[in-house]
Amino acid sequence: MPNAADTDSILLQNLAEAGCSPETVRQCMALIREQDQSELMRVLSRHRRALLDTLHQSEKQIDCLDYLLYILEKQHK
């Protein structure tokens with residue numbers, strides 16, 4: 001069974017890999033220690049929404065580039 005330090009290490013790594021800022025990581029770790037799961041869920045959900053917003057923006061940019069490439073290829077032929 002992992003000890004508390006191992007669990008903290010795993011949580012820190014997961015939060016970092018999820019792209020959480022150092023401040024969000026500190027906040028999450030404090031909420032975990034305080035066992036405030038509802039606030040932790042709110043913080044993580046907010047970060048998830050921010051990631052999805054970024055993803056959707058990138059998808060729109062890719063769509064714009066795809067359209068431009070399509071037009072350029074059509075003109076080239």
Side-chain angles (χ1 to χ4, degrees):
M1 181 170 175
N3 64 35
D6 290 340
T7 302
D8 283 355
S9 181
I10 291 167
L11 290 169
L12 286 169
Q13 181 178 351
N14 188 270
L15 291 167
E17 289 178 0
C20 294
S21 68
E23 177 55 34
T24 301
V25 170
R26 283 190 290 277
Q27 185 180 16
C28 289
M29 295 306 290
L31 292 168
I32 290 167
R33 283 190 292 277
E34 296 166 8
Q35 297 181 355
D36 189 346
Q37 186 170 354
S38 62
E39 183 64 12
L40 176 62
M41 296 291 286
R42 189 184 71 74
V43 169
L44 293 175
S45 292
R46 184 176 61 226
H47 180 67
R48 185 179 185 280
R49 276 192 310 276
L51 291 173
L52 276 174
D53 289 346
T54 301
L55 175 64
H56 292 150
Q57 183 62 35
S58 294
E59 288 174 334
K60 287 178 186 177
Q61 292 170 338
I62 290 169
D63 288 344
C64 289
L65 285 173
D66 285 347
Y67 178 72
L68 179 59
L69 288 167
Y70 167 77
I71 295 298
L72 292 172
E73 287 174 1
K74 190 175 175 182
Q75 289 176 352
H76 184 65
K77 289 182 181 181

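In what follows, every heavy atom counts, from backbone to side chain, and hydrogens, waters and symmetry copies are set aside. Please read all numbers here as calculations on a predicted model, not as lab measurements.
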Item checked: Non-neighbouring partners of His76 that pass side chain to side chain contact (heavy atoms under 4.5 Å, CB included), sequence neighbours left out -> none

Checklist line | Qualifying residue, where the test is side chain to side chain contact (heavy atoms under 4.5 Å, CB included) with Val25 and the options are Leu11, Leu12, Asn14 | finding: Leu12

Checklist line | Atom pair NZ (Lys60) and CD1 (Ile62), whose distance is rounded to the nearest 0.5 Å | finding: 13.0 Å

Item checked: Straight-line distance of Gln13 CD to Asp8 CG, nearest 0.5 Å -> 13.0 Å

Margin query: Quick check for you: to the nearest 0.5 Å, what is the distance between Leu44 atom CG and Leu31 atom CG?
Written below: 8.5 Å

Check: What are the two closest non-hydrogen atoms of Ala18 and Leu51, and how far apart are they?
Finding: O-CD1, 3.5 Å

Note to self: For residues 28-50, which residue pairs pass the side-chain hydrogen bond (donor to acceptor under 3.5 Å, both in side chains) check, not counting sequence neighbours?
What the structure shows: Asp36-Ser38, Glu39-Arg42

Margin query: Considering only residues two or more places apart or on different chains, which pairs with a residue in residues 18-29 satisfy side-chain hydrogen bond (donor to acceptor under 3.5 Å, both in side chains)?
Written below: Ser21-Thr24, Glu23-Arg26

